[in-house]
A.B. asks: 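Dropping a structure here in structure tokens format, bear with me for questions.
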Amino acid sequence: MQLEKNIVTYAPGLETDSEIDEIRALGKDYIRLMSYYSAAMLEIETKFKVLSIEFNGKFDRNPIEAIKTRIKTPHSVLEKMNRIGKPVTVESIEQSLSDVAGVRVICSFVDDIYRLADMLAQQDDVSVLRVKDYIKTPKESGYRSLHLIVEIPIYLSNEKRFMRVEVQLRTIAMDFWASLEHKLRYKKDIARTQAQDIARQLVACADAVAQSDQQMLSVRQQIENAKAME
Ligand code: 0O2
């Protein structure tokens, strides 16, 4: 009964009976692994919250607009394990996936993204394992964000475990684009030529968003320079 309750807690995205069976077969070990990821996610979220508190108290602006967290749904875990051709076992999930725990930090300006990434990377207990800069090199879809895979220790009752968390840093504008594009991606029942045209339009929207981000940064810098001259 308790296991059933926990599966529901971690399984809002379960879609078919066979997926429910696959996750149920992993049993308590799956729930345990997800609880470790939740703990690691909480650690990283707290680190950004601490920075946010410091920015509010000490500086004239806070570069952190919002912090969001999510644990990958079992549906998404199963889909990815099948896509990359890995067996669906708890050990293999932990070994193969770096994005089960995700923390998304929405920033005000593009330069804030890199400053915050550096602040996180400099912390003693954080190891940056991988950086994917989709701002310097956007994805074909137009997607822009900075992705870090970090590893941090979590302290359990009788052990210390190192867990990986994916941190996505992006501006409000990049987040606006990614959220809407993500919603639109599910509307798949359209003809191929029209889909290609829509994809082109979404890339154009992403480029416009990037241009706005650059202009907003430039405006902020002009204001800062003017203030410094006073
Ligand atoms: P969800 O719902 O967030 O779980 P990897 O094995 O991790 O190196 P992968 O999975 O290709 O390879 O990672 P990638 O492309 O670096 O990052 C995947 C995540 O970035 C996605 O998570 C999205 O959150 C985001 N993302 C990447 N490309 C796009 C895009 O074109 N549009 C939008 N809206 N988001 C994107 P998941 O796993 O897809 O989903």
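Numbering of ligands and ligand atoms starts at 1, following listing order.
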A.B. asks: Between Gln201 and Asp197, do the side chains contain a donor N or O and an acceptor N or O under 3.5 Å apart?
C.D. replies: yes
A.B. asks: Do other residues, nucleotides or ligands put more than 12 heavy atoms under 6.0 Å from the CE atom of Met216?
C.D. replies: no
A.B. asks: To check your reading of the model: name the closest protein heavy atom to atom 12 (O) of ligand 1, its residue, and the distance in Å.
C.D. replies: Lys132 NZ, 3.6 Å
A.B. asks: Quick check: Glu181 and ligand 1, any N/O pair under 3.5 Å apart?
C.D. replies: yes
A.B. asks: Are any of the N/O atoms on Arg130, whether in the backbone or the side chain, positioned under 3.5 angstrom from an N/O atom of ligand 1?
C.D. replies: yes
A.B. asks: Can you list the atoms of ligand 1 that are under 4.0 Å from a heavy atom of Ala178?
C.D. replies: 34 (N)
A.B. asks: With a heavy-atom distance limit of 4.0 Å, tell me whether Arg104 approaches ligand 1 through its side chain, its backbone, both, or neither.
C.D. replies: side chain
A.B. asks: Considering only non-hydrogen protein atoms, determine which one is nearest to atom 26 (N) of ligand 1 and report residue, atom name and distance to 0.1 Å.
C.D. replies: Tyr143 CZ, 3.5 Å
A.B. asks: Go through ligand 1 atom by atom and flag the ones less than 4.0 Å from a non-hydrogen atom of Ser141.
C.D. replies: 30 (C), 31 (O)
A.B. asks: With a 4.5 Å heavy-atom cut-off, do Asp207 and Arg144 have their side chains touching?
C.D. replies: yes
A.B. asks: If we count only N and O atoms by modelled type, under 3.5 Å, do the side chains of Glu166 and Gln168 hold a donor and an acceptor together?
C.D. replies: yes
A.B. asks: Taking non-hydrogen atoms only, is Arg170 closer than 4.0 angstrom to ligand 1 via side chain, backbone, both or neither?
C.D. replies: neither
A.B. asks: List the steps and the verdict of side chain to side chain contact (heavy atoms under 4.5 Å, CB included) for Leu148 and Arg130.
C.D. replies: CA-CA 6 Å; Leu148 310 177; Arg130 195 152 36 115; over 6 Å; no
A.B. asks: Do the non-hydrogen side-chain atoms of Tyr36 and Leu156 ever get within less than 4.5 Å of each other?
C.D. replies: yes
A.B. asks: Would you mind running through ligand 1 and noting each atom that sits below 4.0 Å from a heavy atom of Lys139?
C.D. replies: 14 (P), 15 (O), 27 (C), 28 (N)
A.B. asks: Which of the atoms of ligand 1 are close to Arg70, meaning less than 4.0 Å from one of its heavy atoms?
C.D. replies: 1 (P), 3 (O), 4 (O)
A.B. asks: What residue and atom, counting heavy atoms only, is the protein's closest point to atom 18 (C) of ligand 1, and at what distance?
C.D. replies: His147 CE1, 4.2 Å
A.B. asks: Find out whether Glu45 and Lys68 are in side-chain contact, i.e. whether some heavy atom of one side chain is under 4.5 Å from a heavy atom of the other.
C.D. replies: no
A.B. asks: How is the hydrophobic cluster of Phe162 composed, in terms of its other members, when Ile, Leu, Val, Met, Phe, Trp and Tyr link through side-chain heavy atoms under 4.5 Å apart, directly or indirectly?
C.D. replies: none
A.B. asks: Looking at atom 14 (P) of ligand 1, tell me if a protein heavy atom falls under 4.0 Å from it.
C.D. replies: yes
A.B. asks: I need the atoms of ligand 1 closer than 4.0 Å to a non-hydrogen atom of Tyr134, numbered in the order shown.
C.D. replies: 14 (P), 15 (O), 16 (O)
A.B. asks: In this structure, are over 12 heavy atoms from other groups packed under 6.0 Å from Glu159 atom CD?
C.D. replies: yes
A.B. asks: Under 4.5 Å side-chain heavy-atom separation, chaining through any Ile, Leu, Val, Met, Phe, Trp or Tyr, what else clusters with Val219? Say none if it is isolated.
C.D. replies: Ile223
A.B. asks: For ligand 1 and Arg83, I'd like to know whether there is a polar contact (N/O to N/O, distance under 3.5 Å).
C.D. replies: no
A.B. asks: What atoms in ligand 1 come closer than 4.0 Å to a heavy atom of Lys80?
C.D. replies: 5 (P), 6 (O), 7 (O), 9 (P), 10 (O), 12 (O)
A.B. asks: Any protein heavy atom under 4.0 Å from atom 39 (O) of ligand 1?
C.D. replies: no
